[in-house]
Protein chains: 2
Amino acid sequence: MPTISDVAKLTGLSKTTISRVINNHQYVSEEKRALVLKAMQELGYTPNPAARRLRGQSTTTIGVIVPRIVNPFFSYLVNTIETAAYEKGYQVIISQSNEDAEKELAFLQLLKTKQVDGIIMTAIENEWSVIEPFLAYGPIMLCNEYITNANVPIVRLNQQKGAYIGVKHLIDRGHHKIAYCTGGLFAEDGKDKDRNHGFQKALKEADIAVNTKWIFLNQYSIEDGKKVMNQIMAMDERPTAIFTGSDEIAAGMMIEAKKHGLKIPEDMAIIGFDDQPIAEMLEPQLTTIRQPVEKMGELAVAILVDMLDDTSLKVQEHELPIELVIRKTT
Amino acid sequence: MPTISDVAKLTGLSKTTISRVINNHQYVSEEKRALVLKAMQELGYTPNPAARRLRGQSTTTIGVIVPRIVNPFFSYLVNTIETAAYEKGYQVIISQSNEDAEKELAFLQLLKTKQVDGIIMTAIENEWSVIEPFLAYGPIMLCNEYITNANVPIVRLNQQKGAYIGVKHLIDRGHHKIAYCTGGLFAEDGKDKDRNHGFQKALKEADIAVNTKWIFLNQYSIEDGKKVMNQIMAMDERPTAIFTGSDEIAAGMMIEAKKHGLKIPEDMAIIGFDDQPIAEMLEPQLTTIRQPVEKMGELAVAILVDMLDDTSLKVQEHELPIELVIRKTT
DNA sequence: CTTATATAAGAAATCGATTTCATATATAGT
DNA sequence: ACTATATATGAAATCGATTTCTTATATAAG
């Protein structure tokens with residue numbers, strides 16, 4: 001690997017001048033600049049990022065934490081983040097937190113040790129008080145999941161509205177017995193809390209009391225959906241509609257409901273969340289709440305890069321629109 | 001951020017001794033070792049990776065290239081790679097090649113500039129002659145996609161067998177008019193070539209001539225599947241069965257076939273590839289070829305890390321089993 | 001009792017860039 | 001013509017680790 005000294009030697013100039021050319025500093029004559037550029041080309045020279053980082057320069061790398069990449073919502077989010085980052089000249093380091101606070105913490109260390117310039121968190125496992133100290137080492141921003149009084153940029157959706165319009169839609173279709181199956185066990189803040197509020201608000205407006213037997217929390221996967229549906233099938237009094245926290249839960253429920261001979265939506269209406277590709281592939285096609293994943297990812301990268309360029313930037317918060325996509329399961 | 005000098009100052013020892021403790025070198029007294037460890041703890045000291053890299057140490061980072069992360073096959077692969085890497089103390093940098101040779105090349109630069117210790121390629125966009133020179137800067141290995149005479153470790157599946165057993169299964173079900181819809185335009189090597197051979201072998205054994213009208217190459221997504229199905233519907237003479245290169249193509253075809261009122265498998269048998277979660281969610285459930293993604297990812301990481309630990313290791317090639325999962329579309 | 005070897009620790013060089021400081025020349029302003 | 005400023009370049013310090021040389025002591029061998 002050629003180094004900056006090799007370029008200096010070949011051109012007969014000093015390392016300083018080479019560095020100036022690399023970093024587009026002023027006060028380099030056109031003549032020398034061309035000479036240096038040519039020599040760099042010739043040698044196939046690339047600046048060593050480790051050396052640049054050591055001097056406190058940027059790593060042009062951003063870190064992204066997702067709960068699990070196999071969840072399509074997050075793989076789509078990572079897709080847009082990676083693409084947007086690449087366009088801005090950044091690499092992406094990925095970690096799956098897997099609901100593991102330890103692993104999340106290990107990842108935040110990358111910021112401390114300057115392996116990443118900044119971090120996008122799409123889920124939060126640790127207490128904010130644990131995460132906050134890392135802000136001293138670089139920007140952290142929240143995308144998707146959020147915490148109300150964290151003084152960091154947030155790109156999020158109006159989750160309360162999402163749940164509200166979904167449940168409202170079920171009520172409009174004449175349902176009174178509505179089950180609720182979503183993630184977040186004791187959600188005291190953020191996405192799940194807001195969804196809970198949206199759910200409650202819609203019911204309250206229609207004067208429907210919450211039946212706690214039909215509340216299923218901490219549910220995430222297809223398997224979870226199947227299990228819950230089986231629990232519901234075993235009940236004396238069943239709900240007639242289910243609002244779920246993801247298309248995957250909904251899909252699991254549909255598979256199992258069909259096994260039990262239930263007709264959807266006649267015997268059981270189901271509504272998903274996310275509008276993943278599977279929503280269109282299920283039969284019947286799934287009514288769901290669409291989240292603008294692409295916009296979220298792009299915006300998150302744009303904000304993070306802005307913060308990296310200008311550290312004095314003030315904290316922004318963006319709330320993106322969310323909408324109901326009515327298909328055939330309601 | 002405390003540095004090694006801070007630890008040295010606090011303990012009253014030299015940087016050299018601190019470094020020895022960090023790297024578990026011999027000839028450090030137990031007494032001093034304990035002292036250093038305590039001081040590191042106290043200061044919350046972590047070695048600066050940029051500095052270590054500059055000295056040519058490992059980056060404990062591996063790079064992974066996938067075509068696109070939103071393809072579930074690859075998001076599952078990345079999942080296992082990331083998990084396995086984390087267990088071995090490695091970070092993962094991800095890039096989507098998006099069928100873009102330029103982007104793949106940009107990613108390989110990370111090896112040259114020591115931002116990653118090694119790279120796992122799950123797809124190949126450039127000519128091997130373009131990729132090979134990068135081997136001088138660190139190990140590259142192939143996982144999933146492969147090139148016959150590249151002298152690098154390969155973890156792959158028996159793709160020929162995969163296509164063969166799939167097509168054979170269709171023939172056993174009595175089909176003679178079999179369409180073939182998969183990726184890879186002019187596959188001269190690797191996965192797609194092998195699949196082509198498997199397809200041809202199965203037909204030949206049953207004395208069935210290939211109908212080129214029913215060959216669709218360079219197809220990947222759900223949308224591609226839909227388009228091809230529409231092309232097939234417009235034909236005078238249609239195939240009665242389709243072998244596809246991914247569950248997604250198959251899913252797209254099923255959606256469109258149903259729109260046209262075709263019954264699956266009676267009017268049209270369809271077989272997928274991958275055994276993604278959607279295979280079970282489609283109606284009817286999709287017959288497909290299962291690929292052991294978890295094993296592939298784990299094995300790839302294990303081999304790469306082995307190579308990093310012991311650079312004299314000889315090149316290995318692993319072929320993992322592949323199997324037919326018969327469901328309801330055939 | 002001397003010499004060889006194992007153990008223990010530090011000083012200084014090194015990795016490859018950027019940055020600060022110093023210096024030299026050219027141009028502009030008065 | 002003389003100072004002030006803009007332009008152009010280089011030498012050396014710096015970032016935070018590891019590594020190579022040294023040196024000093026302790027132990028073992030002859």
Side-chain angles (χ1 to χ4, degrees), chain A residues 1-37 39-40 43-61 89 109-117 137-138 308, chain B residues 1-37 39-40 43-61 109-117 137-138:
Chain A
M1 277 292 290
T3 71
I4 196 170
S5 300
D6 297 325
V7 182
K9 218 165 284 170
L10 182 63
T11 54
L13 296 166
S14 72
K15 291 191 297 173
T16 314
T17 304
I18 313 301
S19 176
R20 286 202 181 96
V21 173
I22 295 168
N23 297 285
N24 275 313
H25 282 168
Q26 53 180 359
Y27 302 149
V28 180
S29 66
E30 261 323 307
E31 176 203 358
K32 302 280 159 81
R33 181 185 303 281
L35 183 66
V36 171
L37 255 20
M40 296 200 322
L43 292 169
Y45 166 78
T46 331
N48 180 324
R52 307 184 93 174
R53 284 175 201 204
L54 187 54
R55 283 299 327 215
Q57 290 286 110
S58 86
T59 68
T60 65
T61 304
Q109 292 290 337
L110 297 189
L111 194 58
K112 196 171 170 187
T113 57
K114 282 193 190 142
Q115 300 202 66
V116 298
D117 290 337
Y137 308 111
L308 291 170
Chain B
M1 276 293 291
T3 73
I4 196 170
S5 300
D6 296 325
V7 182
K9 218 165 283 170
L10 182 61
T11 55
L13 297 165
S14 71
K15 291 192 297 174
T16 314
T17 303
I18 314 300
S19 175
R20 286 202 181 97
V21 172
I22 295 169
N23 297 285
N24 276 311
H25 283 168
Q26 52 180 359
Y27 302 150
V28 180
S29 65
E30 260 324 306
E31 178 204 358
K32 302 278 159 81
R33 180 183 305 278
L35 184 66
V36 171
L37 256 20
M40 296 199 326
L43 293 169
Y45 166 77
T46 332
N48 180 324
R52 307 184 93 174
R53 284 174 201 203
L54 187 54
R55 285 298 327 216
Q57 291 286 110
S58 87
T59 67
T60 64
T61 305
Q109 292 289 338
L110 298 188
L111 194 58
K112 196 172 170 186
T113 57
K114 282 192 191 144
Q115 298 201 69
V116 298
D117 291 336
Y137 309 111

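Naming convention: chains lettered A, B, ... in sequence-line order (proteins, then strands); numbering from 1 in each chain. If you're wondering where the values come from, they're calculated on a predicted model, not measured in any experiment.
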Looking only at the side chain of A/Ile4 (C-beta and beyond, no hydrogens), which of the listed nucleotides D/dT18, C/dA9, C/dT18 gets closest? C/dT18
Heavy atoms from C-beta onward define the side chain here; which of D/dT9, D/dT20, C/dT19 lies closest to that of A/Val28? D/dT9
Between D/dA8 and A/Tyr27, is there an OP1 or OP2 to side-chain N/O distance shorter than 4.0 Å? no
Measuring to OP1 and OP2 of D/dT9, would you say a side-chain N or O of A/Lys32 lies under 4.0 angstrom away? yes
Hey, does B/Leu13 reach any base, or is it just sugar-phosphate, or nothing, if we go heavy atoms under 4.0 Å? sugar-phosphate
Side chain of A/Thr3 (C-beta onward), nearest among D/dA17, C/dG16, D/dA8: C/dG16
Check this one for me: any side-chain N or O of B/Ser19 less than 4.0 Å away from OP1 or OP2 of D/dT18? yes
Approximate separation, where rounding is to 0.5 Å, of A/Lys112 NZ and A/Gln109 CD: 5.0 Å
Is B/Thr17 near enough to C/dA9 that one of its side-chain N or O atoms lies under 4.0 angstrom from OP1 or OP2? no
Report the nucleotide, chosen from D/dG10, D/dT19, C/dT18, that has the shortest atom-to-atom distance to any side-chain atom of A/Ile22. C/dT18
For A/Pro49 and B/Ser29, find the nucleotide of DNA chain C closest to each by heavy atoms; which residue's nucleotide sits nearer the 5' end? B/Ser29
Please tell me if B/Asn23 has a side-chain N or O lying less than 4.0 Å from either OP1 or OP2 of D/dT18. yes
Does B/Arg53 contact C/dG16 through a side-chain donor or acceptor facing the base, at a distance under 3.5 Å? no
Within the structure, does a side-chain N or O atom of A/Arg52 lie under 4.0 Å from either OP1 or OP2 of C/dT18? yes
Give the nucleotide from the list D/dT18, D/dA11, D/dG16 with an atom nearest to the side chain of A/Leu54. D/dG16
Pair of N/O donor and acceptor under 3.5 Å linking D/dT18 base with B/Arg20 side chain: no
Can you tell me how far C1' of D/dA26 sits from CD of B/Gln26, to the nearest Å? 16 Å
Of the options C/dC21, C/dT18, C/dA11, whose atoms approach the side-chain atoms of A/Lys15 most closely? C/dT18
List the steps, then state whether side chain to side chain contact (heavy atoms under 4.5 Å, CB included) holds for B/Ile22 with B/Tyr45. CA-CA 11 Å; B/Ile22 295 169; B/Tyr45 166 77; 3.6 Å; yes
Separation of D/dT18 atom C1' from B/Asn48 atom CG, nearest Å, is 13 Å
